[in-house]
Amino acid sequence: METLINLQSGFMVALQPENLLFCLIGVTLGTVIGLLPGIGALSTISMLLPVTFYMDPTTAIIMLAGVFYGAQYGGSTASILLNIPGTSTNAITCLDGHPMAKQGRAGVALAITTWTSFIGGTFSILVLVFLAPFIARVALQFGAAEYFSIAVFGLIAASTLSPGSALKGLAMVVLGLVLGLVGMDINSGVQRLNLGMLELSDGLNIVALAMGLFGVAEILVNLLRTSATPFAIGNVSFKSLFPTRQDVRDSTFPTVRGMLIGCLCGILPGVGPTIASFMAYAAERKVSRHPEKFGTGIVEGIAAPEAANNASVQSAFIPTLSLGIPGDSVMAVLLGALLIHGIVPGPTLVIDQPQLFWGLIASFWIGNLILLLLNLPLIGVFVQILRIPYDALYIAMLFFICVGVFTIRNNVFDIFVVIFFGIVGTMMILGRYPAAPLLLGFLLGPMIEENMRRALLLSRGDVFTFVDSPITAACMIFSAIALIWSFWQPVSQMLKRRRATPKPLGSTQE
Amino acid sequence: MKLRERSLFDVGGGAVIALCGLLVALQSLAYPLGQVTRMGPGYFPLMAGILLCLLGTLVALFTNEVEKTSETTRIKAAIAVFAAILVWALLLDRFGMIPATVALVLIAAFAHPKPNPRRVIITAVALPLLGWGLFIQGLGLPVAAFSW
């Protein structure tokens, strides 16, 4: 009952003309940048951050979040029509979506992905409504030791569960922690690691860091890989959007399974929408009676991953809003946006800022509804956006990055920070060092240090304070499991390879 | 695993990370360390620096992820992108936003494998005007459009 009253007041907030307008702007922009290969939600949100300084925090977050989940809708359109994922989260949709387009069923594929996206998103919003306030209520009793262990677990999970080398992920987390130390120590007032630069005494700016690591680096890597040929796309008529009854029947259960997988993946730190969609596709193939048909253009192959990635982007808000611990880089930037507005995310957010918390949740559902309208009747209009040539686009993006970073403090110093981290970020992409753990480490670093100091002060230096309550013990055990598992895998693979290819006797090494 | 079979990104990247960790650890010795019960500002950075140094060494020794592909690293694109941003930052205070943005467009255009002269010129005219209208007129950014 209480939830219903809260939700009702949330809808009152979300339906205010200003919030509704910026929700519309956010999801429309999200659809557009989701459609365009080469621009992700993260760089768009970082570019928009400075604009939100002038806004009410609730309105700002509603718009920024809209970009994030809107991009999931747009991304599948590019996957289906071009065989190029609009964002990395839609990569798997290419496998069956593009063959469908080749068979002349592009309209059906677009309609099904939009509907399953909506269903997946709605399901996770419902889970969010009931789970987040519950977690927040439990978390209110947490002390410094609990916060420390949850944040450490979040970082370890984010670096070991994400694809690629776990060692590199962990190294990036710690690099992020170190970057988070730059500036004044809040306890003693001592300036740390500022390289003698006065501009760094407030610490590195999260906008400048994110724009360098994600914005500039992404643009540059796209330029390095572009083939410089414009896309050829056909038109999608409204009439072609209606799936047959058989299509609907075939996609029902994949959608349900996809949304369950996606919702779970979104809650776990480090397992974002990309992994969710891959897992959903793999699961679908496993339970299917005709796994050989996957990849030929069947609806099961697009329904499950699209339900999963939309479910996971919505459920990713659960740990972010209830604990203040983001699970991926987009959530980290959104959390940074809240901090810029002076709102400290965490369990108190639900109680202290009910209009923000419930208004945001209500706006998710309104946003998803708007996306349904945008992506079904208006799909033909959006498809035309794919005709924008990338050479005009990337220059405009560079300009927006420059202006955006300048507006943070009306100072060009932060632009030099962007250039520095742009170079670092490009190297990281080419060398496959994941950037998301770095950003998470940067954001959570100060909180981890603060809580570690406080916990050890309270326990009089007894390190067992980090394992002696159920929450801390569980976090430490899960962290240990994640670490051991991720290090055991490469070792066991190496052993297997060594066993498979025994060294020939007497062979001389080069 | 032979050293020369592995990519510079794995070996060198790990080495750079380890070096960063070492420098952070050394620098943090300059701050008061304190004790475990009452940590000074140097305690956490020292631990983070040592951990980073350790992880960087492990990355340098054990990762073997990046194949030595022949990915044509077009250094020209990288230079153009970073030079465009740098020039914008340097010209902004001295000459104003419109000249800085024109310069940004003209330099950044070279990052594309096949710059299209017509579209570049359109962008060089339209983007500064858009920026002026949106940011200086619209949002009241305290920057001059032109200044000499």
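Throughout, a chain's letter reflects where its sequence line sits, starting with A, and its residues are numbered from 1. Heavy atoms only: backbone and side chains are in, while hydrogens, waters and symmetry mates are out.
Note: A:F399 and B:W88 have perpendicular aromatic rings, judged against thresholds of 30 and 60 degrees for the angle between ring planes.
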For this session: Given side chain to side chain contact (heavy atoms under 4.5 Å, CB included), test B:V143 with A:F406 step by step and report yes or no.
Result: CA-CA 10 Å; B:V143 176; A:F406 177 80; 3.2 Å; yes

For this session: With side chain to side chain contact (heavy atoms under 4.5 Å, CB included) as the test, would you mind laying out the steps for A:Y433 and B:I17 before giving the verdict?
Result: CA-CA 11 Å; A:Y433 290 85; B:I17 294 170; 3.8 Å; yes

Exercise. For A:I401 and B:I85, what are the C-alpha separation, side-chain angles and deciding distance, and is it a side chain to side chain contact (heavy atoms under 4.5 Å, CB included)?
Worked result: CA-CA 9 Å; A:I401 288 176; B:I85 302 175; 5.6 Å; no

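Separating the CG atom in A:D185 from the OH atom in B:Y31 is a distance of 10.0 Å, to the nearest 0.5 Å. The CD1 atom of A:I395 sits 12.0 Å away from the OG1 atom of B:T101 when rounded to the nearest 0.5 Å.
B:P142 approaches A:N410 most closely through the heavy-atom pair CG-ND2, 3.3 Å. The two atoms that bring A:V403 and B:M97 nearest to each other are CG2-CE, 4.0 Å, heavy atoms only.
Between A:R432 and B:D10, none of the side-chain N atoms (NZ, or NE/NH1/NH2) sits under 4.0 Å from a carboxylate O, so this pair counts as no salt bridge.
The residue among A:L175, A:I423, A:L398 with the most heavy atom pairs within less than 4.5 Å of chain B is A:I423.
Contact of B:L52 with chain A is made through backbone and side chain together, with heavy-atom distances under 4.5 Å. With a 4.5 Å cut-off on non-hydrogen atoms, B:L58 touches chain A through its backbone and its side chain both. Proximity to chain A is limited to the side chain of B:L134, based on heavy atoms less than 4.5 angstrom apart. Heavy-atom distances place both the backbone and the side chain of B:A109 under 4.5 Å from chain A.
Shown here are the salt bridge (Lys or Arg N to Asp or Glu O under 4.0 Å) partners of A:E218, two or more places apart in sequence or in another chain: there are none.
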